[in-house]
Amino acid sequence: QVQLVESGGGLVQAGGSLRLSCQASGRTFSNYPMGWFRQAPGKEREFVAAVSASGGRTYYTDSVKGRFTISRDNRKNTVTLQMDTLKLEDTAVYYCAADFKIRTGGQITLAQAPGYWGQGTQVTVSS
């Protein structure tokens with residue numbers, strides 16, 4: 001099994017930055033794709049970003065491209081999401097996730113649900 005613990009959420013003004021961190025523990029961390037999802041009040045949980053097991057490939061939903069950067073360090077068992085130029089619509093609970101599959105081309109869709117989730121961390125962007 002894999003355990004995921006998130007940190008880094010908080011309150012930030014529009015245009016500012018936050019960095020979310022996910023600390024993973026358990027077996028075969030380096031074998032899992034990792035990513036971030038978010039859920040805003042009254043909306044469904046949506047895909048935000050993913051990184052391949054090796055860290056060589058990254059994927060982003062259109063609304064965050066050019067603003068967010070996902071990365072991983074398999075030696076430290078960590079995944080980060082650097083969020084820049086934050087907008088009001090980025091306000092949501094952000095969840096770290098492991099072991100899932102996505103389909104690319106057009107809008108990214110979830111092909112296989114994550115096997116593991118973090119507890120979620122609140123990100124609030126104010127004007």
Side-chain angles (χ1 to χ4, degrees):
Q1 62 178 1
V2 174
Q3 296 81 44
L4 306 173
V5 179
E6 301 166 326
S7 62
L11 176 65
V12 65
Q13 290 186 316
S17 298
L18 282 175
R19 181 182 297 170
L20 305 183
S21 180
C22 177
Q23 179 69 59
S25 62
R27 64 184 181 92
T28 61
F29 167 78
S30 63
N31 289 342
Y32 293 131
M34 300 287 294
W36 294 87
F37 294 72
R38 67 186 181 187
Q39 187 166 19
K43 297 183 178 180
E44 65 183 25
R45 190 170 298 185
E46 67 172 342
F47 168 80
V48 177
V51 58
S52 63
S54 69
R57 297 179 181 178
T58 58
Y59 307 88
Y60 302 92
T61 193
D62 287 344
S63 64
V64 308
K65 286 181 179 177
R67 300 189 298 118
F68 291 11
T69 304
I70 188 172
S71 61
R72 70 190 296 163
D73 186 338
N74 287 342
R75 292 178 62 85
K76 298 180 179 179
N77 292 340
T78 58
V79 180
T80 62
L81 185 68
Q82 178 67 42
M83 305 184 295
D84 298 319
T85 319
L86 283 161
K87 302 176 179 180
L88 293 177
E89 52 263 42
D90 294 319
T91 295
V93 177
Y94 284 70
Y95 298 89
C96 181
D99 194 16
F100 62 96
K101 295 181 180 180
I102 58 172
R103 294 188 181 94
T104 61
Q107 186 174 0
I108 294 175
T109 58
L110 188 65
Q112 179 178 297
Y116 307 96
W117 293 96
Q119 79 283 1
T121 185
Q122 177 71 48
V123 172
T124 302
V125 183
S126 67
S127 61

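- Within 6.0 Å of CD on Q1 lie no more than 12 heavy atoms contributed by other residues, nucleotides or ligands.
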**Message:** Under the criterion side chain to side chain contact (heavy atoms under 4.5 Å, CB included), I'd like the reasoning laid out for L110 against F100: C-alpha separation, chi angles, the key distance, then a yes or no.
**Reply:** CA-CA 8 Å; L110 188 65; F100 62 96; 4.0 Å; yes
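- Q82 is listed as a side-chain neighbour of S17, based on a closest heavy-atom distance under 4.5 Å.
- Atom CG of residue N77 and atom CE of residue M34 lie 9.0 Å apart, to the nearest 0.5 angstrom.
- Here T69 contributes atom OG1 and L81 contributes atom CG; the two are 8.0 Å apart, rounded to the nearest 0.5 Å.
- G56 approaches S52 most closely through the heavy-atom pair N-OG, 3.2 Å.
- Residues F47 and V51 are members of separate hydrophobic clusters, defined by side-chain heavy-atom contacts under 4.5 angstrom among Ile, Leu, Val, Met, Phe, Trp and Tyr.
- Within the 4.5 Å cutoff, the side chain of D90 has heavy atoms near those of the R38 side chain.
- Summarising the geometry of V123 relative to M83, their closest heavy-atom pair is CG2-CE, 3.9 Å, with the distance given to 0.1 Å.
- A pairwise comparison of heavy atoms in L18 and L86 identifies N-CD1, 3.8 Å as the closest pair.
- The hydrophobic cluster containing V93 does not contain V12, counting ILVMFWY residues as joined when their side-chain heavy atoms lie under 4.5 angstrom apart, directly or transitively.
- Residues Y116 and Y32 meet the side-chain proximity criterion, which asks for heavy atoms closer than 4.5 Å.
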**Request:** Kindly indicate, with the supporting measurements, whether the criterion side chain to side chain contact (heavy atoms under 4.5 Å, CB included) is fulfilled by D73 and T78.
**Result:** CA-CA 5 Å; D73 186 338; T78 58; 3.7 Å; yes
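- Of the residues Y94, Y95, W117, the one that meets the ring pair (Phe, Tyr, Trp, His ring centres under 6.0 Å) test with F37 is W117.
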**Request:** Would you sort out whether T80 and W36 count as a side chain to side chain contact (heavy atoms under 4.5 Å, CB included), showing the intermediate values?
**Result:** CA-CA 9 Å; T80 62; W36 294 87; 6.0 Å; no
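- Annotation for Q119: atom CD counts as buried by contact number, over 12 foreign heavy atoms lying within 6.0 Å.
- Of all heavy-atom pairs between Q39 and K43, the closest is NE2-O, 3.1 Å.
- In this structure, CD on Q23 lies 10.0 Å from NZ on K76, to the nearest 0.5 angstrom.
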**Request:** Evaluate the criterion side chain to side chain contact (heavy atoms under 4.5 Å, CB included) for residue pair T91 and Q122; output intermediate values, then yes/no.
**Result:** CA-CA 8 Å; T91 295; Q122 177 71 48; 4.1 Å; yes
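- Partners of T85 according to the side-chain contact (heavy atoms from CB on, under 4.5 Å) rule, which considers only residues two or more places apart in sequence or in another chain, are R67.
- Within the model, atoms CD1 of I102 and CD1 of I108 stand 4.5 Å from one another, a figure rounded to the nearest 0.5 Å.
- The CD1 atom of I70 sits 15.0 Å away from the CZ atom of R57 when rounded to the nearest 0.5 Å.
- The shortest side-chain heavy-atom distance between V2 and D99 does not fall under the 4.5 Å cut-off.
- To the nearest 0.5 Å, the span separating OG on S126 from CG on L11 amounts to 4.5 Å.
- A salt bridge is defined here as a Lys NZ or Arg NE, NH1 or NH2 lying under 4.0 Å from an Asp or Glu carboxylate O, and D62 with K65 meets this definition.
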